Undergrad: 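Handing you a structure now.
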Amino acid sequence: MKKKSGFLWGGAVSAAQCEGNYLADGRLPSNFDYLPLDERRLKAVYKNQESSLLETKGSEVYPGRFGNDFFNRYQSDIKLLSELGVNSFRFSISWSRIFPTGEEQEPNEAGLAFYDRLLTELENYQIEPIVTLSHFELPVHLVKKYNGWGNRKVVDLFVHYAETVMTTFKDRITHWIPFNEMNMVLHIPYIGGGILFEEGRDNLSTQYQAGHHQLLANALTIKAGRKIDAKMQFGAMLAAGKTYAYTCDPKDVFAALQQERENLLFSDVQVFGEYPRFFSTYCKQHNLSLEIIEADQEILQENTVDFVSFSYYSSACTAAEETGIDRVATNGYNTLRNPYLPKSKSVWQDDPLGLRITLNQLHDRYRKPLFIVENGIGTQDEFSEGKVHDDYRIHYLKEHIKNLVLAVEEDGIDVIGYLMWGIIDLPSVSEGKISKRYGVIYVDQDDVNNGSHERYKKDSFYFYQQVIATDGKYAFE
Ligand code: BG6
């Protein structure tokens with residue numbers, strides 16, 4: 001790799017999925033803590049959520065409340081990560097640990113103290129923290145009172161939270177990602193924006209309005225952060241993955257272009273500081289009524305991002321007329337099955353070359369440093385006598401990392417780093433189950449939180465260790 005010394009190799013997790021201990025030290029529940037494991041979760045994941053989601057039933061299991069116990073195990077987890085050789089680790093801060101209802105003026109010191117300890121531990125091993133401020137999580141009080149990001153009031157509350165965190169940890173964190181996968185508010189609005197739908201509400205307008213509020217909060221966070229410490233770097237973060245046309249029929253190609261533009265809408269605004277031209281026609285066509293005032297436009301224009309980070313799991317595929325074509329699930333929505341991609345062990349289609357294509361696409365469009373902050377395969381593992389022989393995960397990582405290296409070395413793309421998603425097994429967002437495992441570190445825990453919670457190294461741990469030690473070369477062996 002060209003950037004040998006500076007390339008960031010690491011892993012990523014989110015507070016909502018790994019910390020657990022959801023009421024510890026004065027924390028209060030978040031939207032994520034109300035996602036049950038049963039079929040109501042699927043409704044929440046795929047749009048038709050109702051307010052009844054907030055009515056808890058005694059018998060239900062809520063994976064966000066237990067995570068993988070990272071809150072208590074972060075020290076030994078970081079020791080393991082250091083053995084793996086990572087030089088960076090992405091985690092998110094739980095808003096509800098710092099401001100339990102979201103409306104307090106003064107932060108919860110015990111909540112800040114947890115992240116102070118976590119940062120100290122990372123510093124002890126010289127692992128650089130990459131920090132997300134909002135990863136599918138906001139205090140549930142804000143969902144109940146304001147319908148989450150649907151309400152402009154939440155912008156100020158978030159900026160107060162962001163400023164507090166940035167002021168507290170200012171010279172200890174360089175790379176900040178204010179929002180995880182902002183485009184997810186269009187696919188999984190309860191998770192991405194704390195939005196609940198009710199009969200008669202204009203759902204699509206609420207989703208785009210929530211996206212606009214997040215864009216504003218993102219820009220105001222950047223503005224505040226740059227005053228606190230000019231060295232801070234801020235990133236857009238999107239759920240990426242090239243959208244292919246199902247055929248070379250120009251109608252399919254145009255459909256793919258349109259879908260892609262919608263997917264890149266928020267990162268376009270974060271990079272260019274303004275909404276793309278097509279968006280006003282889009283609003284008319286979809287009867288969107290949005291409040292985007294002139295002052296907002298100035299804020300967006302003046303506070304754009306320094307880098308573009310993204311998650312990549314697979315590509316997507318679309319056609320002008322999709323009826324009768326097989327569909328397949330992907331991250332947050334479903335798409336046409338791509339007949340050219342071989343079957344993999346994941347329910348999502350693997351497309352390693354798609355990563356190189358996506359890197360090229362984002363580079364051509366944005367000309368900003370790119371950062372892969374999530375990539376991995378979520379699937380069942382067999383655990384026996386302390387071991388997991390996950391050759392399928394090794395294969396997935398190998399092929400994706402090869403394409404990353406080729407994008408850097410042959411296509412000349414500026415990539416800050418590569419972070420594997422769910423490096424320590426954690427409950428999945430879409431399924432809520434830890435048995436959809438992503439890690440190179442196995443957690444002895446089942447979907448309803450039985451188990452010792454002990455950590456074990458999978459075969460893929462040793463593979464990734466070699467990849468890191470050789471700066472990617474081992475992927476070609
Ligand atoms: C990304 C999220 O969308 O995909 C992660 O940022 C999530 O939080 C990951 O875990 C994988 O999705 P899932 O549904 O398998 O957990």
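Atoms within a ligand are numbered from 1 in the order they appear, just like the ligands themselves. One-based numbering along the sequence shown. Please read these numbers as outputs of a predicted model, since none were measured by experiment. Below, each value reflects all heavy atoms present in this structure, side chains not excepted, and no hydrogens, waters or symmetry copies.
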Undergrad: Which value, rounded to the nearest 0.5 Å, describes the distance between D306 atom CG and T174 atom OG1?
TA: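 The distance works out to 11.0 Å.
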Undergrad: Taking non-hydrogen atoms only, is S428 closer than 4.0 angstrom to ligand 1 via side chain, backbone, both or neither?
TA: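 Answer for S428: both.
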Undergrad: My understanding is that we take every heavy atom of each candidate and find the minimum distance to atom 12 (O) of ligand 1. Doing that for F136, W348, Y313, which one comes out nearest?
TA: W348
Undergrad: Thinking salt bridges, do D268 and R365 make one under a 4.0 Å N-O criterion?
TA: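 Looking at R365 together with D268, the answer is yes, because their closest N to O distance falls below 4.0 Å.
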Undergrad: Which one holds for L426 and ligand 1: side chain close, backbone close, both close, or neither close, with close meaning a heavy atom under 4.0 Å?
TA: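 No part of L426 is near ligand 1 at this cut-off.
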Undergrad: Quick check on contacts: which atoms of ligand 1 are under 4.0 angstrom from a heavy atom of N180?
TA: 6 (O)
Undergrad: Measure the distance from atom 3 (O) of ligand 1 to every protein heavy atom, then report the residue, atom name and distance (to 0.1 Å) of the closest one.
TA: E181 OE1, 2.5 Å
Undergrad: Using the rule given for side-chain hydrogen bond (donor to acceptor under 3.5 Å, both in side chains), can you reason through Y418 versus N375, listing the C-alpha separation, both sets of side-chain angles and the distance that settles it, and then say yes or no?
TA: CA-CA 8 Å; Y418 173 89; N375 175 242; 2.6 Å; yes
Undergrad: Check the pair H135 / W421 against ring pair (Phe, Tyr, Trp, His ring centres under 6.0 Å), numbers first and verdict last.
TA: CA-CA 13 Å; H135 191 131; W421 173 250; 5.6 Å; yes
Undergrad: Looking at K458, K345, K436, which one forms a salt bridge (Lys or Arg N to Asp or Glu O under 4.0 Å) with D381?
TA: K458
Undergrad: Polar-atom distance check: S311 versus ligand 1, any N or O pair below 3.5 Å?
TA: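 No: no nitrogen or oxygen of S311 is under 3.5 Å from one in ligand 1.
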Undergrad: Given Q17, E431, H187, identify the one with the heavy atom nearest to atom 10 (O) of ligand 1.
TA: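 Looking at heavy atoms only, Q17 sits closest to atom 10 (O) of ligand 1.
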Undergrad: Looking at every non-hydrogen atom in both residues, tell me the closest pair between I93 and A15 and how far apart they are.
TA: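 Residues I93 and A15, closest heavy atoms: C-CB, 4.3 Å.
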Undergrad: Which residue and non-hydrogen atom of the protein lie closest to atom 16 (O) of ligand 1, and at what distance in Å?
TA: V429 N, 2.6 Å
Undergrad: Taking only heavy atoms of K436, which atoms of ligand 1 are found under 4.0 Å from at least one of them?
TA: 13 (P), 15 (O)
Undergrad: To check your reading of the model: name the closest protein heavy atom to atom 11 (C) of ligand 1, its residue, and the distance in Å.
TA: Y438 OH, 3.2 Å
Undergrad: How about F32 and F136: are their ring centres within less than 6.0 Å of each other?
TA: no
Undergrad: Run the contact test for H135 against ligand 1 with a 4.0 Å cut-off on heavy atoms, strictly below, and give the result.
TA: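 Checking ligand 1 against H135, which is what was asked, there is a heavy-atom contact under 4.0 Å.
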Undergrad: Below a 4.0 angstrom heavy-atom separation, can you tell me which part of N331, side chain or backbone, both or neither, approaches ligand 1?
TA: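 The side chain, only.
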Undergrad: Identify the closest protein heavy atom to atom 6 (O) of ligand 1: which residue and atom is it, and at what distance?
TA: E374 OE2, 2.7 Å
Undergrad: Is it possible for you to check whether R97 lies under 6.0 Å from the centre of the six-membered ring of F114, through NZ or CZ, and within 45° of that ring's axis?
TA: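 Yes, R97 lies over the aromatic ring of F114.
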Undergrad: Could you identify the single nearest non-hydrogen protein atom to atom 14 (O) of ligand 1 and state the distance to 0.1 Å?
TA: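 The protein heavy atom lying closest is S430 OG, 2.6 Å.
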Undergrad: Is the Y74-F91 ring centre distance short of 6.0 angstrom?
TA: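 When the ring centroids of Y74 and F91 are compared, they turn out to be at least 6.0 Å apart.
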